[in-house]
Amino acid sequence: MPPASSSNGGNTSNNSISIVWFRRDLRVEDNPALAAGVRAGYVVSVFIWAPEEEGTYFPGRVSRWWLSQSLKHLDSSLRSLGANLITKRSFDTASTLVDVVNSTGATNLFFNHLYDPLSLVRDHRIKELLSSRGLTVRSFNADLLYEPWEVADENGCPFSTFEPFWNKCLSMPYDPAAPLLPPKRIISADVSRCPSDTLVFEDESERGSNALLARAWSPGWRNANKALNAFINGPLIDYSVNRRKADGATTSLLSPHLHFGELSVRKVFHLVQIKLLVWTNEENESGKESVNLFLKSIGLREYSRYLSFNHPFSHERPLLSHLKFFPWVVDENYFKAWRQGRTGYPLVDAGMRELWATGWLHDRIRVVVSSFFVKVLQLPWRWGMKYFWDTLLDADLECDALGWQYISGTLPDGREFDRIDNPQFEGYKFDPNGEYVRRWLPELIRLPTEWIHHPWDAPEPVLQAAGIELGSNYPLPIVEISAAKERIQEALTEMWQIETASRTAMENETEEGLGDSSDLPPFYYPQEIHMEADPEPTRANNLLTTTRRYSDQMVPSITSSFVRNDEDAISVDISSTREDGRAEVPTNVNFDDQTHGATDQDGAAVVRNNAVLEFSPARLQNRLEFSEESSSSYTERDGGLVPVWSPSNLSEHFISEETSVRTSAYLQRHPQTHQMMNWRQISPPEKLGGGEHIAPKCYRLDSMKASQNVAKSTPLFLYHFADSKVL
DNA sequence: CAGTAGTTACT
DNA sequence: GTAACTACT
């Protein structure tokens with residue numbers, strides 16, 4: 001049992017022991033949790049590695065590599081300040097934290113907020129658990145300019161589109177908190193009874209590929225600052241001009257640093273603002289435009305957290321459900337061709353090869369390949385998002401969910417669904433000279449620029465001269481754009497039919513509840529995910545060969561995932577090893593076996609091999625203890641802010657909220673879809689009574705009315721600060 | 001002013 | 001490639 005905290009008055013005395021729990025805030029500068037720990041006295045810095053808790057979103061190889069490097073960097077910084085980083089391998093973060101409390105005598109726990117759905121639940125649980133054990137638990141904003149609950153419209157409701165959200169952020173009455181300097185020194189607590197585990201982030205097969213990464217990237221918060229300075233004093237001024245070039249380092253390249261919190265976004269914001277002032281004085285219009293565009297991309301990152309916080313299922317469920325019945329193409333061969341860069345569209349293929357080889361992709365090209373995935377191949381977007389998650393160096397659940405939802409047309413302000421971007425035209429836009437394509441598709445290296453983005457149109461002699469045999473050493477288009485357009489229209493027709501049938505079924509349904517729980521079918525993701533074919537185009541043939549090269553970029557298999565179970569028993573079975581040679585997170589690490597089978601009351605979880613995370617709203621709801629309270633005292637800037645979940649009925653609010661979100665242009669052109677969906681969703685059948693007369697009210701497309709509906713609808717999560725009880 | 005050419009597109 | 005918006009004749 002930990003020593004009970006004697007001072008619960010809110011002011012931690014200056015000689016108490018604090019755990020500073022590092023997560024995705026791997027820096028000593030502008031780290032409010034660390035600063036609070038230093039202020040309070042003795043510090044135990046701890047990082048807990050519990051990837052199994054992430055379920056499906058188990059970090060990919062390159063992401064794990066970055067993390068391992070970043071932790072080394074942080075550890076050396078902390079050591080030079082006086083306190084090393086304790087690293088723990090865990091299968092249950094909460095019980096590991098309790099262990100750390102017990103072995104160090106800590107009375108405070110400080111950490112910085114995260115906004116992904118898993119963290120929201122876990123952190124809330126941990127706060128409850130440790131508070132109940134007498135600890136002072138305080139959490140801070142280190143990841144955002146403004147906390148999600150600080151940014152609301154004039155009615156106090158969350159925004160549902162980006163533009164007004166970002167305008168509001170830029171015109172807040174107070175500036176984002178000024179960045180904190182690093183502590184001058186840290187007084188370490190006695191951690192002799194709290195030894196570190198050796199964390200293993202790569203296995204043998206991954207080592208070679210990872211060594212290459214170090215040539216291109218330098219993780220760590222000091223390196224992040226260098227990269228920031230280099231960008232601000234270099235490419236930033238030409239950002240507006242250069243950002244459309246697929247090739248070359250004209251973007252900031254800061255996203256992996258930001259993902260792991262090596263860089264404070266508030267510091268980025270402040271430094272960039274200074275440039276804006278300078279260029280405004282100099283009347284440098286393109287410089288100003290560049291800054292505003294770059295800030296907008298910072299804003300999109302903010303918005304991704306904002307969305308995730310307000311709609312914690314945005315990574316697995318469309319925000320607008322008007323495509324709920326869309327018949328996606330469930331074709332693993334298409335998926336494979338896309339991953340391997342063998343679709344026959346040079347810009348798409350070049351992008352996929354680059355991603356595969358480097359873990360990096362220019363923002364434009366991400367749009368191109370994901371749009372192709374959703375619109376041309378019509379594969380389920382969550383496959384694509386998962387693949388991005390597994391392969392991107394800056395894989396970020398919130399950002400990627402936002403991106404894929406945008407591409408898929410399931411955001412209120414997204415693009416229309418039935419618009420297909422043509423990679424041929426995008427190719428000449430983003431890669432006018434074909435340099436990017438030739439770099440990643442050497443088989444096309446001798447093809448003239450005139451044909452580089454549409455080799456299928458090239459005359460036979462040209463192809464011959466270039467050494468290209470379509471269908472042999474470079475594929476013909478896997479799907480024609482015109483065929484994709486037709487298929488989209490057919491599929492939409494089919495979707496409306498299914499919807500109508502479903503609505504009819506609902507009308508005849510006497511029992512309630514069937515509809516909502518079935519909204520989210522278990523996430524099926526193809527299991528055989530490797531990069532099988534040899535990526536080197538000179539040797540590649542058109543067939544999807546099955547030569548396996550495990551040493552290269554692989555998508556880690558879903559070896560084990562948490563499945564939230566309805567029973568409150570935990571059975572952890574991590575040890576069962578895989579027979580095949582797939583990449584997986586190594587498990588040969590030191591960990592305490594007693595955490596292994598630990599039971600706790602609400603984190604019920606079962607690890608099953610090859611199980612896929614199922615994390616449905618209904619189940620989440622069951623897991624949360626909702627608070628009755630709500631509060632509007634959002635004034636406190638930091639410290640003690642722990643979001644508390646408080647809706648009465650999660651799924652109901654979520655769905656009714658969907659209906660009031662401003663409709664997209666697509667819906668305006670297809671009102672019948674919208675009408676049906678809303679009609680169905682707005683209230684369960686048994687409350688409908690007459691039915692007919694309720695429907696028209698709910699799908700009114702008048703945007704003013706719609707925004708009022710947003711305003712009136714109960715927010716999905718009413719967060720408030722429960723810390724008055726604790727501090 | 002209408003019509004046309006040129007441009008830019010997006011979370 | 002299409003839509004939507006600018007600037008110019």
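Just so it is clear: chains get the letters A, B, ... in the order the sequence lines come, proteins before strands, and each one is counted from 1. Note: hydrogens, waters and symmetry copies are ignored here, and every other heavy atom, side chains too, is used.
- A:Lys429 comes within 4.0 angstrom of a nucleotide base, judged by non-hydrogen atoms across all strands.
- In the set B:dT11, B:dA9, C:dG1, the nucleotide with an atom closest to the side chain of A:Phe425 is C:dG1.
- Between A:Arg243 and the phosphate of B:dA9, there is a side-chain N or O to OP1/OP2 separation shorter than 4.0 Å.
- Out of B:dC10, C:dG1, B:dT11, the shortest distance to the side chain of A:Asp421 is found at C:dG1.
- Which of B:dT11, C:dG1, B:dA9 sits closest to the side chain of A:Asp363 comes down to B:dT11.
- Ring geometry for A:Phe388 against A:Trp338 counts as parallel: the plane angle stays under 30°, on a 0 to 90° scale with 60° as the upper cut.
- The residues A:Asp394 and A:Arg366 are annotated as salt-bridged, a charged nitrogen and a carboxylate oxygen being separated by less than 4.0 angstrom.
- The residue A:Phe162 sits close only to the backbone: its heavy atoms come under 4.0 Å of sugar-phosphate atoms, none of a base.
- The residue A:Arg366 sits apart from the nucleic acid: no heavy atom pair falls under 4.0 Å.
- Remark: B:dC10 base-pairs with no nucleotide; criterion is Watson-Crick or G-U wobble with both hydrogen-bond distances under 3.5 Å.
- Between A:Phe309 and A:Tyr115, the ring planes are perpendicular. Angles over 60° get that label, and only those under 30° would be called parallel.
- Using a 4.0 Å heavy-atom criterion, one finds that A:Arg301 contacts no nucleic acid atom at all.
- Of the candidates C:dG1, B:dC10, B:dT11, the closest approach to any side-chain atom of A:Glu163 belongs to B:dT11.
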